[in-house]
Amino acid sequence: MLFLVVCFVIYAVERLRVIPLGRMWEALREDEIACRSLGVNHVFTKLTAFMLGASTGGLAGVFFAAQQGFVNPTSFTFFESALILAIVVLGGLGSTAGVISAALVLTILPELLREFAEYRVLVFGILMVVMMFWKPRGLVRIKRPAFFPSSMKEGIGSELSFEGKAEAGR
């Protein structure tokens, strides 16, 4: 059941990226001032992102509470918060595949290295600093479509080459 819900959420996120609202989220993340100057309602855009993020977090919380049986504030420590932040940083901002792979690595790796549990936070901090210098945008970068579709690139290039040939013939 949980696997199906996760697959549905991943599908919904990928579909939301390509609709105009998803493009506005991405543009607002990159440059808020430019979005506001283009007439994007930044309050509405931020509120929709917050609402969808909160509802996704609530859905995850339902499954967590059902699995744990009881949830209180001591269920979450600073290390879990830092781990979630590290998953996003390691996976890459805006990259769904990167975040999934980072979540797998950062949850399985501590279990494999259980003998070094007392040095876990130290190694974790060193790896985060190295990651910030080595790959500041994360291991998996998001793929953005080109500004011009490939057919338009050929059309623009052929027009330029045609004009160049016409001027050379004069």
Side-chain angles (χ1 to χ4, degrees), residues 1-35 40 42-145:
M1 174 74 175
L2 179 61
F3 181 73
L4 293 175
V5 171
V6 169
C7 289
F8 173 74
V9 168
I10 291 170
Y11 175 76
V13 166
E14 291 302 317
R15 295 293 300 156
L16 280 170
R17 273 191 154 152
V18 296
I19 65 172
L21 182 63
R23 299 272 187 184
M24 283 191 287
W25 287 336
E26 202 169 318
L28 196 63
R29 181 187 68 209
E30 297 298 326
D31 192 357
E32 182 175 350
I33 296 171
C35 284
V40 172
H42 68 283
V43 174
F44 171 77
T45 306
K46 285 182 180 181
L47 285 175
T48 55
F50 180 74
M51 182 263 317
L52 282 171
S55 61
T56 305
L59 182 65
V62 166
F63 282 100
F64 179 76
Q67 188 228 3
Q68 292 289 347
F70 176 73
V71 179
N72 63 6
T74 60
S75 298
F76 307 100
T77 62
F78 174 75
F79 189 73
E80 277 93 13
S81 299
L83 182 66
I84 291 171
L85 178 65
I87 287 171
V88 173
V89 168
L90 182 66
L93 187 65
S95 170
T96 306
V99 171
I100 291 171
S101 60
L104 289 173
V105 166
L106 288 179
T107 54
I108 293 173
L109 195 61
E111 295 300 321
L112 295 175
L113 303 173
R114 197 172 277 254
E115 301 89 37
F116 305 107
E118 46 201 42
Y119 301 111
R120 180 172 63 173
V121 177
L122 176 67
V123 171
F124 183 72
I126 291 171
L127 287 176
M128 288 302 293
V129 171
V130 168
M131 188 66 197
M132 284 291 141
F133 284 119
W134 180 51
K135 294 265 192 182
R137 292 195 177 255
L139 289 176
V140 180
R141 299 178 106 181
I142 57 172
K143 295 178 184 174
R144 291 195 174 125

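Note that the numbering runs from 1 along the sequence shown for the chain.
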Exercise. Can you name the closest pair of heavy atoms from Val18 and Arg23 and give their distance?
Worked result: O-NE, 4.1 Å
Report, one line per pair, each donor and acceptor closer than 3.5 Å where one atom sits in a side chain of residues 42-51; sequence neighbours left out.
from  : atom 1 : to    : atom 2 : distance (Å)
Thr45 : OG1    : Asn41 : O      : 2.8
Lys46 : NZ     : Glu32 : OE1    : 3.3
Lys46 : NZ     : Glu32 : OE2    : 3.1
Thr48 : OG1    : Trp25 : NE1    : 3.1
Thr48 : OG1    : Phe44 : O      : 3.2
Thr48 : OG1    : Thr45 : O      : 2.8

Exercise. Is the number of heavy atoms from other residues, nucleotides or ligands under 6.0 Å of Leu112 CG greater than 12?
Worked result: yes
For this session: Start with the C-alpha distance between Asn72 and Phe70, add both sets of side-chain angles, then the distance that settles side-chain contact (heavy atoms from CB on, under 4.5 Å), and finish with yes or no.
Result: CA-CA 7 Å; Asn72 63 6; Phe70 176 73; 3.5 Å; yes
For this session: Might you work through the side chain to side chain donor-acceptor pair (under 3.5 Å) test for Ser75 and Gln68, ending with a clear yes or no?
Result: CA-CA 9 Å; Ser75 298; Gln68 292 289 347; over 6 Å; no
Problem set entry | N/O donor-acceptor pair under 3.5 Å between Glu80 side chain and Thr77 backbone | yes
Problem set entry | Leu109 side chain reached by Leu104 side chain, heavy atoms, under 4.5 Å | no
Exercise. Got a second to check how far Cys35's SG is from Arg29's CZ, nearest 0.5 Å?
Worked result: 11.0 Å
Problem set entry | Nearest heavy atoms of Ala102 and Ile87, plus distance in Å | CB-O, 3.5 Å
Exercise. Can we call the ring centroids of Phe8 and Phe3 under 6.0 Å apart?
Worked result: no
Problem set entry | Worked check of side-chain contact (heavy atoms from CB on, under 4.5 Å) between Ile100 and Ile10 | CA-CA 10 Å; Ile100 291 171; Ile10 291 170; 3.3 Å; yes
Exercise. Is the number of heavy atoms from other residues, nucleotides or ligands under 6.0 Å of Tyr119 OH greater than 12?
Worked result: no
Problem set entry | Check against side-chain contact (heavy atoms from CB on, under 4.5 Å), Leu52 and Leu16 | CA-CA 11 Å; Leu52 282 171; Leu16 280 170; 3.9 Å; yes
For this session: Hey, could you give me the CG/CD distance between Leu21 and Glu26, rounded to the nearest 0.5 Å?
Result: 12.0 Å
For this session: Evaluate the side-chain proximity of Val99 to Leu90: yes if any heavy-atom separation is below 4.5 Å, no if none is.
Result: no
